[in-house]
Amino acid sequence: MASSSSSSSSRHVSLVVKVALLAAISLLQGGGSVAELCVGYYDDTCPDAISIVQDVLVDAHGSDPRIFASLIRLHFHDCFVQGCDGSVLLDTFDGFESEKDAVPNKDSARGFPVVDAAKAALEDACPGVVSCADILAIAAEISVELSGGPGWSVLLGRLDGLTSSKADAENLPGPFDALSVLQAKFRNATLDDTTDLVALSGGHTFGRVQCQFVTNRLYNFSGTNQPDPTLNAAYLAFLSQRCPRNGDGSSLNDLDPTTPGTFDKNYYTNLQVNRGFLQSDQELKSDPGALTSTAPIVDRFASSQDAFFRSFAQSMIKMGNIRPVTDPSLGEVRTQCAFVNDS
């Protein structure tokens with residue numbers, strides 16, 4: 001599934017990553033709650049599932065270059081709340097508040113129509129078979145690989161959950177979180193607070209973000225009425241032009257100003273020179289506590305894209321297996337991703 005714009009080196013890395021992850025997948029498949037997930041889950045019931053999703057994503061990317069980064073974010077936000085159960089896709093109705101209404105998602109989470117389009121195409125090909133939660137996992141892998149990043153074999157077989165939790169979604173890892181807060185949230189999600197945290201944060205190597213998430217760093221960091229002292233001076237001047245004081249908070253900026261549409265290691269080289277856009281990004285390198293925890297991993301990934309790609313793929317597999325629903329009494333395959341099925 002590598003994109004035509006990916007280099008031969010990136011394609012080689014994808015193959016290496018896939019081979020290296022076979023052992024990790026075997027271990028995960030033997031571990032309790034994920035025992036029913038497997039790479040070939042749809043081989044008999046919907047053998048073209050992955051290619052169907054890929055066709056929808058490629059078509060969507062033609063008119064929306066941001067969509068790949070947006071779909072990874074949806075998968076991340078889904079798995080960190082109640083596990084990877086498609087709960088982030090549920091709509092609000094009849095007074096029921098969904099995760100879409102939570103501050104970290106409202107007016108910023110996007111890509112829902114593309115997920116719906118993938119679901120509709122799958123329903124045409126194999127009705128009632130592929131879950132919305134699995135669509136998110138498949139779409140995340142395709143999005144990374146088509147952007148020049150690594151590929152991995154996605155474990156499948158999740159059911160869609162029956163509930164959504166706005167309250168839990170309010171506590172997603174956030175752009176203003178200190179390193180200690182980020183680490184606690186990753187531990188609570190059953191991920192490790194060093195390698196998984198740094199590797200998955202590398203998803204910010206592409207995509208765009210609104211000015212409202214950086215203005216405090218530019219003008220009033222920690223209530224000081226001064227900029228964040230960790231910000232590179234030239235980058236501070238650049239961002240101040242892009243996001244003026246009292247300007248439009250919804251204006252968009254590249255998370256990675258060097259290669260904004262490519263999945264690569266430049267996110268980490270940016271952090272090394274204090275050019276992290278979000279406070280939560282720069283914390284991985286600049287927080288005093290990072291010296292003996294996350295900063296060495298930032299430096300390792302900055303010096304080796306292969307190391308980053310391997311760790312990112314491994315961490316995505318781990319994240320994709322946070323509390324999956326596999327018991328039919330606790331989940332279902334939704335007909336429409338935004339609504340639970342009619343009882």
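- Ionic pairing of R187 and D193 is present here: one or more N-O contacts between side-chain nitrogen and carboxylate oxygen are shorter than 4.0 angstrom.
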Please tabulate, for the side chains in residues 237-246, all donor-acceptor contacts under 3.5 angstrom to protein atoms that are two or more places apart in sequence or on a different chain.
residue	atom	partner	partner atom	Å
S240	OG	L236	O	2.8
R242	NE	N253	OD1	2.9
R242	NH2	L252	O	2.8

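- Under the 3.5 Å distance criterion, the side-chain polar atoms of R158 are left unmatched by any main-chain donor or acceptor of G86.
- No side-chain N or O of D116 forms a donor-acceptor pair with one of Q336 less than 3.5 Å apart.
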Report task. Show your working on side chain to side chain contact (heavy atoms under 4.5 Å, CB included) between F112 and C337 and close with a plain yes or no. Result -> CA-CA 9 Å; F112 299 109; C337 291; over 6 Å; no

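- A donor-acceptor distance shorter than 3.5 angstrom exists from the side chain of N220 to the backbone of T224, with no hydrogens or angles considered.
- In the model, D196 has a side-chain atom that pairs as donor or acceptor with a side-chain atom of S315 under 3.5 Å.
- The shortest heavy-atom contact between G157 and T326 is O-CG2, 4.1 Å.
- The cluster map of Ile, Leu, Val, Met, Phe, Trp and Tyr, joined by side-chain heavy atoms under 4.5 Å apart, puts L74 and L90 in different clusters.
- Two residues are said to be in side-chain contact when any heavy atoms from C-beta on lie closer than 4.5 Å; L231 and L218 meet this criterion.
- Here the shortest heavy-atom pairing between Q210 and G249 reads CB-O, 3.4 Å.
- Using cut-offs of 30° and 60° for the angle between ring planes, the F176 and F213 rings count as tilted.
- Checked against the 6.0 Å centroid threshold, F186 and F80 count as a close aromatic pair.
- Interatomic distance, CG of L89 versus CZ of F339, reported as 11.5 Å (0.5 Å rounding).
- Closest approach of A140 to I72, counting heavy atoms only: O-CG1, 4.0 Å.
- Hydrophobic clustering (ILVMFWY, side-chain heavy atoms < 4.5 Å, transitive): V154 and V129 are in one cluster.
- Note that OG of S87 is 9.5 Å distant from CG of L136, once rounded to the nearest 0.5 Å.
- Here the CG atom belonging to L156 is positioned 8.0 Å from the CG atom belonging to L37, to the nearest 0.5 angstrom.
- No donor-acceptor pair under 3.5 Å is formed between the side chain of N105 and the backbone N or O of A102.
- When all heavy atoms of D101 and K166 are compared, the pair lying nearest together is O-CE, 3.6 Å.
- For an aromatic pair to be called close, the ring centres must be under 6.0 Å apart, and F312 with F263 satisfies this.
- In this structure a side-chain-to-backbone donor-acceptor pair under 3.5 Å is missing from S304 to R300.
- Between V130 and V333 there is no side-chain heavy-atom pair separated by less than 4.5 Å.
- Atoms CG and OG1, on N274 and T230 in that order, are 5.5 Å from each other to the nearest 0.5 Å.
- Put simply, V340 and L122 are part of two different groups of oily side chains (I, L, V, M, F, W, Y) that touch within less than 4.5 Å, one to the next.
- In this structure, the side chains of L146 and V58 come closer than 4.5 Å at one or more pairs of heavy atoms.
- The side-chain heavy atoms of E36 and P324, taken from C-beta on, include no pair separated by under 4.5 Å.
- With S164 as reference, E99 is the one residue of K100, E99, E97 to meet the side-chain hydrogen bond (donor to acceptor under 3.5 Å, both in side chains) rule.
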Query - Step-by-step side-chain hydrogen bond (donor to acceptor under 3.5 Å, both in side chains) determination, D248 to S250 - result: CA-CA 5 Å; D248 182 0; S250 64; 2.7 Å; yes

Query raised in the report: Stepwise, does the side chain to side chain contact (heavy atoms under 4.5 Å, CB included) test hold for Q183 with S293?
Result: CA-CA 10 Å; Q183 290 178 314; S293 59; 3.8 Å; yes

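- Under the 4.5 Å side-chain heavy-atom criterion for grouping Ile, Leu, Val, Met, Phe, Trp and Tyr, F277 is not connected to F206 through any hydrophobic cluster.
- A single hydrophobic cluster is not seen to contain both V325 and F76; linkage of ILVMFWY side chains at heavy-atom distances under 4.5 Å, directly or through other members, places them apart.
- For the pair N341/D160, no side-chain contact is recorded, criterion being any heavy-atom separation below 4.5 Å from C-beta on.
- Looking at D299 and K285, their side chains come closer than 4.5 Å, going by heavy atoms from C-beta outward.
- Residue D44 qualifies as open at atom CG: its count of foreign heavy atoms under 6.0 Å is 12 or below.
- Side-chain atoms of L57 and V114, non-hydrogen and from C-beta on, do get closer than 4.5 Å to each other.
- When all heavy atoms of S165 and V81 are compared, the pair lying nearest together is O-CG1, 3.8 Å.
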Query raised in the report: Do D78 and D85 pass the side chain to side chain contact (heavy atoms under 4.5 Å, CB included) test, and can you show the C-alpha distance, the side-chain angles, and the key distance before you say yes or no?
Result: CA-CA 7 Å; D78 183 41; D85 63 351; 3.3 Å; yes

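- Judged purely by atom type and a 3.5 angstrom limit, K119 has no side-chain atom pairing as donor or acceptor with the backbone of T335.
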Requested in this report: Might you work through the side chain to side chain contact (heavy atoms under 4.5 Å, CB included) test for N321 and T190, ending with a clear yes or no?
Outcome: CA-CA 10 Å; N321 287 281; T190 70; over 6 Å; no

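- In this structure, E283 CD and L271 CG are separated by 11.0 Å, a value rounded to the nearest 0.5 Å.
- Interatomic distance, M316 CE to L200 CG, rounded to the nearest 0.5 Å: 6.5 Å.
- Judged purely by distance below 3.5 Å, without hydrogens or angles, the side chains of S70 and R110 pair a donor atom with an acceptor atom.
- A side-chain hydrogen bond (donor to acceptor under 3.5 Å, both in side chains) with T205 is found for exactly one of T258, T262, D264, N270, namely D264.
- Residues F308 and Y268 place their aromatic rings such that the two centres sit under 6.0 Å apart.
- Checked by atom type, the side-chain pair D134/Y42 shows a donor-acceptor distance below 3.5 Å.
- Within the 4.5 Å cutoff, no side-chain heavy atoms of H75 are placed close to those of L71.
- Judged by distance alone, the side chain of R73 and the main-chain N or O of H204 form no donor-acceptor pair under 3.5 Å.
- Nearest heavy-atom pair, T194 versus T294, reported as atom, atom and distance to 0.1 Å: CA-CG2, 4.3 Å.
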